[in-house]
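These notes concern the structure reproduced below.
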Amino acid sequence: MLTEEDILHEETPLLAEATSALESGPSATSPKGTDQYNRFSPSQKRFIVGLLSWVGLLPFIASGSFVPSVPEIARELHSTGAVINLAITLSIICAALGSLVWATYSGTYGRRSVYLLSLPCLCIGSVGVALAHTVPTLMFWRVVQAFGASSGLSVGAGTIGDIYRLEERGTAMGIFFGASFVGPAIAPVAGGLATHYATWRAAQWAIFAMGVWAYILIVLWLPETLDPEVAQKKLREAAGDGGEDKRFVWLNPFKSLALLRSPNILLVTFAGTTAHLTDYALLIPLSYTIGKAYGITNEAIIGMFFLASGVGNIVGAPYAGNLADRAVIKGRERRQGRWVPEDRLHATVNGALFLVPLSCLFSGLATQFVPGPVGIIINVICLFVNGVAVDVVLTPSSSYYVDILHSRSAEVWAASTAVRQFCLALAAAGILPLIEIVGVAAADAIFAVLSWIGFLLIVLTIRYGDRMRAWVDVGFSTTPDS
């Protein structure tokens with residue numbers, strides 16, 4: 001049996017001089033036999049997390065600044081809110097597909113290389129959206145923009161898995177997500193202010209500038225974190241017999257979806273989807289629910305409601321990451337050093353059982369039945385709590401994926417996110433029609449019930465996770481691999 005002492009001194013392959021795409025840019029090298037997690041100093045790791053967080057902001061800025069502008073975009077392009085909302089649905093689907101593509105290639109050709117390819121797509125797409133004057137043109141460039149931005153989170157999660165060991169990973173992941181979630185906190189406010197006092201196009205030019213700045217930072221200061229021995233092994237596997245000398249091999253980005261045949265990954269993915277769905281249910285129709293119920297037509301004020309949820313995300317992600325690491329450490333202490341991956345999921349229980357469903361339920365009831373300032377205050381509190389609660393479910397889950405499939409961390413995260421985003425995209429298209437049919441209180445009650453079902457899936461994974469991993473083994477990590 002491996003003890004905690006063994007894990008803290010685990011030895012893994014080193015970062016040597018990289019070949020292929022791994023040769024470019026700054027890199028860290030170490031003597032043979034050095035722990036892979038010691039390739040970078042603590043200060044270097046913090047800098048990398050900060051840089052990743054800036055890139056992680058971009059998908060949230062791109063999506064969040066668009067939502068409060070929907071009514072104005074619909075008026076300017078002579079369309080309807082429902083039609084313009086399809087651009088949100090398309091961008092969600094494209095972001096899901098994009099995360100699969102970027103994650104797959106980042107696991108073979110390096111994290112840095114993928115960032116250098118994806119960020120120009122974001123910049124070009126942002127310019128296209130800013131210049132769009134028809135609905136089809138707008139939707140096309142939103143797809144390009146979302147595709148480019150989608151590397152920010154999936155590749156970022158994989159990069160953190162490259163440099164942080166098991167007991168530190170949840171906290172690092174929480175800091176990464178918490179900093180990235182500044183995006184959804186400020187983007188709707190910025191988008192609303194730009195729309196109300198200037199034009200919605202100004203926000204798109206700002207996203208272009210942020211993308212250019214991120215590209216410059218990556219070029220100058222991001223080292224390659226992927227272990228080149230792992231990259232070369234994957235390249236040989238992809239090239240097949242006689243392909244050892246190939247410099248580039250086409251990879252199948254959908255291959256990582258096969259990881260979802262694992263019940264552990266699939267159940268946690270669906271649990272996260274039901275939690276995240278409450279966030280979409282509260283925020284996407286906000287202009288037509290809270291805005292209509294309280295007579296708010298100013299886009300900037302509507303954006304302020306998004307700020308409550310965004311601040312909840314910023315607070316919730318680091319808290320959830322630390323909670324997840326503590327759950328792992330306590331679990332190992334309880335078992336005299338034996339590691340059980342599902343210990344990390346204990347950190348999600350209170351959020352999934354209480355905070356997620358109740359915040360959604362009470363917001364719907366307040367919107368429909370509580371008028372005036374009291375109703376507004378209740379909604380702001382519910383939005384904040386929901387922001388915290390969704391992170392309490394998603395952040396430990398993200399670390400859990402990296403724990404159990406460390407060698408394919410970006411791919412498993414992207415596969416899970418792709419399925420979640422695809423489900424959310426389909427649901428997003430039906431949220432507003434559902435509210436119009438049954439009312440906001442009943443609609444939010446439906447989403448609350450779905451999130452309780454997600455809680456049950458987490459409980460099943462915690463209780464039977466070891467058996468499910470034995471039942472379908474997709475190459476799960478052992479403790480030394482983590």
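Each residue takes its place number in the sequence, starting with 1. For the numbers below, each heavy atom of this structure counts, side chains included, while hydrogens, waters and symmetry mates do not.
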Under the salt bridge (charged side-chain N to carboxylate O under 4.0 Å, His left out) test, which residues partner D279, sequence neighbours left out? none
Is a donor from one side chain sitting under 3.5 angstrom from an acceptor on the other, for R169 and S399? no
Is a donor from one side chain sitting under 3.5 angstrom from an acceptor on the other, for R201 and Q204? no
Does R463 have any side-chain contact (heavy atoms from CB on, under 4.5 Å) partners at least two apart in sequence or in another chain, and if so, which? R467
Mind checking what makes side-chain contact (heavy atoms from CB on, under 4.5 Å) contact with A293, not counting sequence neighbours? T367
R75: what forms a salt bridge (charged side-chain N to carboxylate O under 4.0 Å, His left out) with it, not counting sequence neighbours? E72, E299
Once ring-ring contact (aromatic ring centres under 6.0 Å, His included) is applied, do any residues pair with Y280, and if so which ones, sequence neighbours excluded? H276
Tell me, please, which residues at least two apart from A172 pass side-chain contact (heavy atoms from CB on, under 4.5 Å). I160, Y164
Checking W200 now: which residues fulfil ring-ring contact (aromatic ring centres under 6.0 Å, His included) with it, not counting sequence neighbours? none
Indicate whether any N or O donor in one side chain lies under 3.5 Å from an N or O acceptor in the other, for N264 and Y400. yes
Tell me, please, which residues at least two apart from R469 pass salt bridge (charged side-chain N to carboxylate O under 4.0 Å, His left out). E342
For residues 355-364, pull every pair meeting side chain to side chain donor-acceptor pair (under 3.5 Å), keeping only residues two or more places apart or in separate chains. S359-N386, S363-N379
Contacts of type salt bridge (charged side-chain N to carboxylate O under 4.0 Å, His left out), residue E168, not counting sequence neighbours: none
According to the ring-ring contact (aromatic ring centres under 6.0 Å, His included) rule, which pairs have a member within residues 57-76, sequence neighbours left out? F60-F181
Partners passing side-chain contact (heavy atoms from CB on, under 4.5 Å) against A448 (at least two apart in sequence or in another chain): P357, L361, W452
